[in-house]
Protein chains: 2
Amino acid sequence: MILVFKISVNISSIKEVRTLTKNTPKEYYMDIKISSFPRGENLFMGLFSKKKGISVQTVRRLPQYLRVLYDRHAYGRLLVSSTELAEETQVPPIVIKKDLQAVGAPSKMRAGFKVKGTIAAIETFLGWDNLNKAFLIGAGHLGAALLGFSGFKNHGLEIVAAFDTHPERVGNEINGIHVYHTAQMKSVIEEKKLQIAILTVPVAAAQGITDTLVACGVKAIWNFAPVKLNVPPDVAVQQEDIASGLAELCARLKAK
Amino acid sequence: MILVFKISVNISSIKEVRTLTKNTPKEYYMDIKISSFPRGENLFMGLFSKKKGISVQTVRRLPQYLRVLYDRHAYGRLLVSSTELAEETQVPPIVIKKDLQAVGAPSKMRAGFKVKGTIAAIETFLGWDNLNKAFLIGAGHLGAALLGFSGFKNHGLEIVAAFDTHPERVGNEINGIHVYHTAQMKSVIEEKKLQIAILTVPVAAAQGITDTLVACGVKAIWNFAPVKLNVPPDVAVQQEDIASGLAELCARLKAK
DNA sequence: AACTTGTAGATATTTTTATATCCATATGAT
DNA sequence: ATCATATGGATATAAAAATATCTACAAGTT
C-alpha cells in the first residue's frame, strides 16, 4: 500500500541543528505536529473524541438568555432564533447557538429554538426549577439590596433568614425576611436545614463567619466580601468582586 | 543547501482520498500544520512576533493583587514573591507571575516583586493613580451601598453626585454625597464635567437614562441593571450581572 | 569555595473559549 | 412545483488564557 502525503509547510518553522564543530556541514530540521483532521473522512475517527463539560462562560451567559426567553414567552412566542437572541443580548449568534446546544435546548430546523423547552432546559441545568433555601449574613446596605431583590425567586433562590450583629438591625424585617442576631446562626441554620449562605459582611469578619458556616455544614457560600475564603474542598465558594468590574471598565476606558 | 526534515506524525491523521472510480488504486494524504517552533534557534524568528495586549482576566485579577500588596506595604515589606501572593489570593503562582510581568511590575531576581513598584505599576495601568469623578443614578439600596463604599477612592473613583426621582430621596446626603433630582442631571453633568456614570436604576428606566447620558457626553457607564444597553461605539459600558455569579454557583453546586 | 534552593524570565504546550465554514433542511416566495 | 433563504447541526479553525518547562541568577548553606 502506498501512502501519498500532501504536505504544506510554513518555511519559517525550519530550525538549524546545533553544529558541534565548525567544519560540519549545516543541517536543518523542523518539528511537525498534527492538530487537525480532514472533515469526516478520517480513517481513525473517534480515537480522540472526548466529551466536554459546559464552560463557565456559557453558564454565566445563561441568565441573559433566560431573561429574553421569559419576555418572549410572556408574549406567546413559541420559537426564537439565535439571531433574535443576539440582538437582545449583544452576544454573537454563534455563541448563543453553541451555548443553547450545550444545555440541550430543543429546536426546530430553520425556525429557531423552542421558547418553552429552552427555558426548561436552562432552568433544569442550573437547578432553578425548584427553590433552594438560602440565608444572608450582614444586613447592611448591600445585604438589604439583595434581600429586597425579588428576582431571586425566579433564580431558584429563596432567602429565608438574615443575620446581623448591629442592635438596630436585629429584629427588623426587610422585604418580609427576619433579621436574627448572628449568635443565633447555628441554631437557625440547623433548624431550617439551610445550605446556601450569602455573605455581605465586612472583610474583617468574613473568614471567622465562614469557619462557623463550614462547621454548620453549609455547602455553598456566595461571597461579596473582597477576600478569598479558606474552605474545605467540598464547599463551593462563589466570589463576587466589585473591583474586578471597575478595573475592567478603567482598562477599557484607558484603551480608548 | 540541503534541508533535512525530521518528521514525526500521528498515523490517525491519514485520510483516504475520495476515489472517483472503483478501479483507481487508493491514495491517502494528510494535512500538516505548523503550530510550534523549536525554542530559540528558529531561522525566521520574529516573523510571527505580535505584541499582545493584557487580557481581560488579568485585568480583573489585578485588584486582588493590589489588596495584598497594600497590606504588605503597610507592614513595611519591600518584596513579595508570586508564591506568597498565590497563598493569599488562591490564584496559581504562574498566573500571578505572568500577570505582573504583563503590567511591567519591577522585580528582583530570586527575591520577588518590589512591593512599592508593583503597586505603582498596577495603579498606573488601571489609571487608579489619579481620581476620576463619577456620579450615580438610582439611590436605592444598591446605590446607597455603592455610595457608602469608601474604598472607591483607592480605586481612582470619586463619586461626586447622585440622582434619583423619589421625592424622599432627593435632597438627602448619603456618605456626604448629595442626591439631586434626575431632572437636574444634564446641568450637573455639564457643570461638573462628569464622564463616568454608575447606573443602579430599575431595568425599565435604564435605556432611557442611558440615552440621556450619551447625549450629555458621558463616556463610561457602569451598569448594574440586568439589561444590555444600546450605546454608540465610543461609549464604554461595563455590565455587572448578579445573576451570572449565582448561575455559576448553582452550576458548581450541581456538579458536586 | 562549592553546592543547594527559590525565584523571575522566557518560552512552549495545553486547555478553554470564541468564531468561522459548510451542509441539510424547513419555510416562504415566486 | 421550484427556488432562494435563514436556520440549526456539525465540524474546523483561531484566539485567548492557563499551565508547564527550562534557564539564569542571586542568596543562603555547607
Side-chain angles (χ1 to χ4, degrees), chain A residues 13 15 30-42 45-46 48-61 78-87 89-114 117-118 121, chain B residues 13 15 30-42 45-46 48-61 78-87 89-114 117-118 121:
Chain A
S13 63
K15 179 201 151 181
M30 63 181 199
D31 293 318
I32 303 284
K33 172 188 162 190
I34 310 299
S35 72
S36 74
F37 303 90
R39 187 179 303 186
E41 301 174 36
N42 192 300
M45 271 186 71
F48 297 90
S49 69
K50 46 183 172 182
K51 52 185 163 194
K52 289 186 180 180
I54 291 181
S55 85
V56 179
Q57 306 304 324
T58 296
V59 169
R60 294 183 64 91
R61 280 187 296 263
L78 297 177
L79 294 163
V80 60
S81 72
S82 59
T83 321
E84 184 179 348
L85 282 167
E87 276 168 23
T89 59
Q90 291 174 33
V91 176
I94 309 177
V95 174
I96 295 179
K97 194 168 62 164
K98 277 198 51 172
D99 286 346
L100 294 183
Q101 286 173 356
V103 296
S107 60
K108 221 179 146 189
M109 247 306 181
R110 153 67 235 223
F113 290 89
K114 296 177 184 173
T118 304
Chain B
S13 63
K15 181 201 150 179
M30 63 182 201
D31 293 320
I32 303 284
K33 171 190 165 191
I34 310 297
S35 72
S36 74
F37 303 90
R39 187 180 301 185
E41 301 175 37
N42 192 300
M45 271 186 71
F48 297 90
S49 70
K50 45 183 172 183
K51 52 187 163 191
K52 290 186 180 179
I54 292 182
S55 83
V56 180
Q57 304 305 323
T58 295
V59 168
R60 295 184 63 91
R61 280 188 297 263
L78 297 178
L79 294 163
V80 61
S81 72
S82 58
T83 321
E84 184 178 347
L85 283 167
E87 276 167 23
T89 58
Q90 291 174 35
V91 176
I94 309 175
V95 174
I96 295 179
K97 194 168 61 166
K98 277 197 52 174
D99 286 348
L100 294 184
Q101 286 174 356
V103 295
S107 61
K108 220 180 146 188
M109 248 303 181
R110 150 73 235 219
F113 290 89
K114 296 178 185 173
T118 304

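Excluded from the calculations below are hydrogen atoms, water molecules and symmetry mates; all remaining heavy atoms, backbone and side chain alike, are included. In what follows, every chain begins at residue 1, and chains take the letters A, B, ... in the order their sequences are listed.
- The shortest side-chain heavy-atom distance between B/Val91 and B/Leu85 does not fall under the 4.5 Å cut-off.
- To the nearest angstrom, P of D/dT19 lies 11 Å from CD1 of B/Ile96.
- Regarding contacts with the backbone of C/dA8, every side-chain N or O of B/Ser107 stays at 4.0 angstrom or more from both OP1 and OP2.
- Contact annotation: A/Arg110 side-chain N/O to C/dC23 OP1/OP2 distance is not under 4.0 Å.
- At the phosphate of D/dT7, neither OP1 nor OP2 sits under 4.0 Å from any side-chain N or O atom of A/Ser82.
- Rounded to whole Å, atom C1' of C/dT27 lies 9 Å from atom NZ of A/Lys108.
- A sub-4.0 Å separation between OP1 or OP2 of C/dT19 and a side-chain N or O of A/Lys97 is absent.
- No engagement by A/Pro93 is indicated, since no non-hydrogen atom pair under 4.0 Å with the nucleic acid exists.
- Side-chain atoms of B/Val103 and B/Asp99, non-hydrogen and from C-beta on, never get closer than 4.5 Å to each other.
- To the nearest angstrom, P of D/dG8 lies 10 Å from CD of A/Glu84.
- Considering only heavy atoms from C-beta on, B/Val95 comes within 4.5 Å of B/Arg61 through its side chain.
- Proximity of A/Arg60 to the phosphate of C/dT17: no side-chain N or O atom is located under 4.0 Å from OP1 or OP2.
- As a whole-Å value, the separation of B/Ile94 CD1 from C/dA12 P is 16 Å.
- The residue A/Lys98 sits close to a base: some heavy atom pair falls under 4.0 Å.
- Put simply, A/Ser81 has no side-chain N or O that comes within less than 4.0 Å of OP1 or OP2 on D/dG8.
- In this structure, the CG atom of B/Leu79 is 15 Å from the C1' atom of D/dG28, given to the nearest Å.
- A sub-4.0 Å separation between OP1 or OP2 of D/dA17 and a side-chain N or O of B/Ser55 is present.
- With B/Thr118 contributing its side chain and B/Lys114 its backbone, the two residues share a donor-acceptor pair below 3.5 Å.
- Considering every non-hydrogen atom in both B/Ala111 and B/Ser81, the closest pair reads O-CB, 4.3 Å.
- Between A/Met109 atom CE and D/dG9 atom C1' there is a gap of 5 Å when expressed in whole angstrom units.
- D/dA6 atom P lies 18 Å from atom CG of A/Leu85, rounded to whole Å.
- Here C/dT7 presents its P atom at 17 Å from NZ of B/Lys114, a figure rounded to the nearest Å.
- For the pair B/Phe113 and A/Thr58, both in contact range of DNA chain C, the more 5′-proximal nearest nucleotide belongs to B/Phe113.
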